[in-house]
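One structure below.
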Amino acid sequence: MTHAIIEVGKLVKTFGVNPVLRGLDLDVPRGQFLTLLGPNGSGKTTLLRILAALARPTSGTVRIGGWDLPAEASQVRAQLGVVSHLPLLYDTLTATENLMFFARLYDLPAGERGDRIEAVLRRVGLWRRANDVVQTYSRGMQQRLAIARAILHDPAVLLLDEPYTGLDQDAAALLDELLREVAIAGRTVLMTTHDLRRGHALADRIAILSRGKIAFDRLTDEVEADTLPALYTDVTGTVTTR
Ligand code: ADP
């Protein structure tokens, strides 16, 4: 009956004796943009790393596009684009060279790589700088290149972990535009952020992670942006998200 592309059931993740995720349930329908809020240390990155097949659950079920984690990790990875606050790019290579490396990693057909790289670099506004090495890029340009890499293999799901960290206002506004575009293209997006206003503006749905579970979960239409800070404080017991 579920049409969710991301299905998480009773997810537990423990580090040593420290339970971080404590039976978390979360289903995300295909095409939805979900903003995940939560205090520092509440487990947002841990959840995203598990969804990205970079960390294993202690127990519970995680399924993406019908594939189970951790058993079917490579099928899951093929459907995912991941952007974290660290761009994880090769500094001494150009944008094109970086993307060529990932095109091979994603197994894109050799004859299509060049065209695909041009298309994504145009999409993120970096085509004119395609042959400059990444160390000459601003932080905002590096983040856009990280998004180009994440959408290179046209994944159904984008996982974004605090993508606005370290961006100035202009770079953040460009990223807003870009995320709206990729969301409109029908992708499912799960984004963590500390920026309540931005998270509200972009998302179809807002969830708050607190004490190891989804403690708040509403469609954005049902939540006034102005009331979100007070709601956040109510749910988490903390004033700011930082
Ligand atoms: P958030 O992204 O919400 O700030 P994290 O997922 O980064 O939270 O961290 C949640 C908790 O898990 C923190 O207490 C953190 O110290 C702990 N943690 C995260 N990764 C590890 C790890 N590899 N080993 C031990 N503890 C970890």
Side-chain angles (χ1 to χ4, degrees), residues 6-28 32-64 69-70 73 76-77 80-89 139 142-143 146-147 149-150 157-167 172 175 179 188-218 220 223 228-242:
I6 299 175
E7 298 167 84
V8 178
K10 297 192 174 62
L11 176 63
V12 174
K13 179 67 178 180
T14 307
F15 294 106
V17 294
N18 178 24
V20 174
L21 303 177
R22 310 177 185 206
L24 181 147
D25 296 307
L26 178 69
D27 283 355
V28 185
Q32 190 170 68
F33 192 130
L34 172 67
T35 288
L36 181 65
L37 307 168
N40 259 348
S42 58
K44 300 180 299 298
T45 299
T46 299
L47 174 62
L48 257 62
R49 285 179 52 82
I50 290 171
L51 295 177
L54 297 168
R56 293 169 78 91
T58 303
S59 65
T61 55
V62 181
R63 195 170 293 137
I64 297 185
L69 281 175
V76 167
R77 283 198 196 98
L80 290 180
V82 181
V83 178
S84 74
H85 43 284
L86 304 171
L88 303 175
L89 299 160
R139 164 92 188 118
Q142 291 191 19
Q143 198 58 308
I147 289 177
R149 180 196 57 206
V157 177
L158 273 182
L159 302 176
L160 306 160
D161 195 6
E162 294 183 32
Y164 288 91
T165 302
L167 299 188
L175 186 58
L179 290 185
T188 308
V189 182
L190 202 174
M191 177 179 82
T192 74
T193 182
H194 287 295
D195 186 334
L196 299 185
R197 190 158 289 279
R198 184 158 261 136
H200 185 279
L202 286 167
D204 304 308
R205 175 179 170 196
I206 298 176
I208 301 176
L209 181 56
S210 181
R211 298 174 192 89
K213 291 189 175 175
I214 300 296
F216 176 93
D217 188 352
R218 293 273 179 80
T220 313
V223 184
L228 193 53
L231 270 172
Y232 182 86
T233 300
D234 253 17
V235 171
T236 64
T238 60
V239 176
T240 82
T241 62
R242 288 175 200 281

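What's counted below: heavy atoms across the whole structure, side chains too, no hydrogens, waters or symmetry copies. Here, residue 1 is the first one in the sequence, and each next residue gets the next number. Start at 1 and go down the list; that is how both ligands and their atoms are numbered.
- Using a heavy-atom distance under 4.0 Å as the criterion, the protein contacts of ligand 1 are Phe15, Asn18, Val20, Pro39, Asn40, Gly41, Ser42, Gly43, Lys44, Thr45, Thr46.
- Looking at heavy atoms from C-beta onward, Leu228 lies in side-chain contact with Ile206 at the 4.5 angstrom threshold.
- Annotation for Gly212 and Leu209: closest pair C-CD1, 4.0 Å, computed over non-hydrogen atoms.
- A distance-only check finds a donor-acceptor pair linking the side chain of Gln143 to the backbone of Pro163 [under 3.5 Å].
- Remark: side-chain polar atoms of Arg77 are paired, donor with acceptor, to backbone N or O of Ala53 under 3.5 angstrom.
- Listed by first and then second residue, the side-chain hydrogen bond (donor to acceptor under 3.5 Å, both in side chains) pairs that reach into residues 201-212 are Gln32-Arg205, Arg205-Asp217, sequence neighbours excluded.
- Looking only at side-chain heavy atoms (C-beta outward), Leu37 and Leu196 come within less than 4.5 Å of each other.
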